[in-house]
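Structure first, commentary second.
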Amino acid sequence: MAAICVFCASSRTLDRRWLELAAETGAELARRGHTVVSGGGCVGMMGALADGARAAGGRTVGVIPQALVDLEVADLASDELLVTDGMASRKTLMVEKSDAFLTLPGGLGTLDELFEVWTTATLALHAKPMVLVDTGGFYRPLLDWLATLADQTFLKPAGLSLLMVADTVPAALNALESRLA
């Protein structure tokens, strides 16, 4: 099947529901036969995602900068752990290694990764599908603001439409799989 890159939080202080969402996402990706590509961390949602995938028999690929390896947050249990020289090269390699992108709730790092792949898609540097999981309306304020960018012509409607939005992980994966077919 496909290599699906998942962007999500690595915070150690998250509410349990976010960790459960990440673990279930990893398990669902594995059940569907996909490889999970992540930021290569073993903490927060990122760690729960990889653990969930492996518990369901899935393959994981982590991409992590050396600075985070040095902080001892690398997912050493990854089937493949790729170490980069920095955050920019990490994102580049994640894009290269992935067929599609799924964004779960997260903070600045998650948004940075989402906007990187979205921006490069609007520039036609790749045509890989992207879906944002808006669980419980987590991203609704951001999506509303982004719509105003299109209204003011800072963002073309075609660029806005490149990002699919789903309320649940199964719906998000269905959307990605339909675009990959």
Side-chain angles (χ1 to χ4, degrees), residues 1-14 18-19 21-133 162-164 169 172-173 175-177 179-180:
M1 295 303 285
I4 309 288
C5 184
V6 180
F7 302 133
C8 59
S10 60
S11 171
R12 297 174 196 238
T13 60
L14 296 172
W18 301 121
L19 300 174
L21 174 67
E24 182 51 38
T25 300
E28 184 65 18
L29 284 162
R31 284 191 289 273
R32 293 180 183 221
H34 300 297
T35 295
V36 173
V37 178
S38 77
C42 64
V43 294
M45 290 175 73
M46 204 180 304
L49 170 79
D51 290 344
R54 286 190 294 269
R59 182 172 190 279
T60 60
V61 175
V63 184
I64 189 167
Q66 183 63 52
L68 295 180
V69 173
D70 295 343
L71 291 175
E72 299 181 350
V73 295
D75 180 16
L76 300 177
S78 275
D79 294 299
E80 185 178 359
L81 186 64
L82 306 168
V83 180
T84 66
D85 62 359
M87 295 295 278
S89 56
R90 173 200 214 182
K91 288 185 289 187
T92 299
L93 191 54
M94 290 169 81
V95 171
E96 289 173 5
K97 290 284 186 183
S98 303
D99 300 309
F101 305 93
L102 184 143
T103 303
L104 295 175
L108 290 177
T110 303
L111 291 172
D112 175 54
E113 292 163 336
L114 167 65
F115 283 115
E116 176 83 16
V117 298
W118 194 3
T119 300
T120 53
T122 64
L123 297 171
L125 298 176
H126 72 81
K128 299 174 182 182
M130 305 164 291
V131 65
L132 181 71
V133 180
L162 288 174
L163 181 66
M164 298 178 286
V169 170
L173 294 179
L176 285 178
E177 290 169 343
R179 290 274 179 98
L180 289 168

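Treat the numbers as computed from the prediction; the structure is a model and nothing was measured.
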Residue pairs fulfilling salt bridge (charged side-chain N to carboxylate O under 4.0 Å, His left out) with at least one residue in residues 31-47, sequence neighbours excluded:
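Checked against salt bridge (charged side-chain N to carboxylate O under 4.0 Å, His left out) - neighbours excluded - the pairs reaching residues 31-47 are Glu24-Arg31, Glu28-Arg31, Glu28-Arg32, Arg32-Glu177.
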Pairwise salt bridge (charged side-chain N to carboxylate O under 4.0 Å, His left out) hits with a residue in residues 116-125, at least two apart
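Found Lys91-Glu116.
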Answer yes or no: is there a donor N or O on one side and an acceptor on the other, between the side chain of Lys97 and the main chain of Ala3, under 3.5 Å?
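Judged by distance alone, no pair lies under 3.5 Å.
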Pairs touching residues 61-74 that satisfy side chain to side chain donor-acceptor pair (under 3.5 Å), sequence neighbours left out:
Gln66-Asp70
Do the side chains of [Y] and [X] get nearer than 4.5 Å, heavy atoms only?
{"X": "Met94", "Y": "Val61", "value": "no"}
{"X": "Arg90", "Y": "Leu68", "value": "yes"}
{"X": "Val95", "Y": "Leu125", "value": "no"}

For atom CG of Leu123, decide whether the heavy atoms of other residues, nucleotides or ligands shown that lie under 6.0 angstrom number more than 12.
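Atom CG in Leu123 is packed in, count exceeds 12.
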Gap separating the SG atom of Cys5 from the CD atom of Glu113, nearest 0.5 angstrom
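One finds 7.0 Å between SG of Cys5 and CD of Glu113.
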Cut-off 3.5 Å, no hydrogens considered: what does the side-chain donor-acceptor table look like for residues 77-84, sequence neighbours left out?
from	atom 1	to	atom 2	distance (Å)
Ser78	OG	Asp75	O	3.3
Ser78	OG	Asp75	OD2	3.1
Asp79	OD2	Thr60	N	2.7
Glu80	OE1	Arg59	NH2	3.0
Thr84	OG1	Gly86	O	3.0

Set of residues satisfying side chain to side chain contact (heavy atoms under 4.5 Å, CB included) with respect to Leu162, sequence neighbours excluded:
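Listed in chain order: Trp118, Ala121, Thr122, Met130.
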Pair listing, ring pair (Phe, Tyr, Trp, His ring centres under 6.0 Å) test, anchored in residues 66-104, at least two apart:
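Listed by first then second residue: Phe7-Phe101, Phe101-His126.
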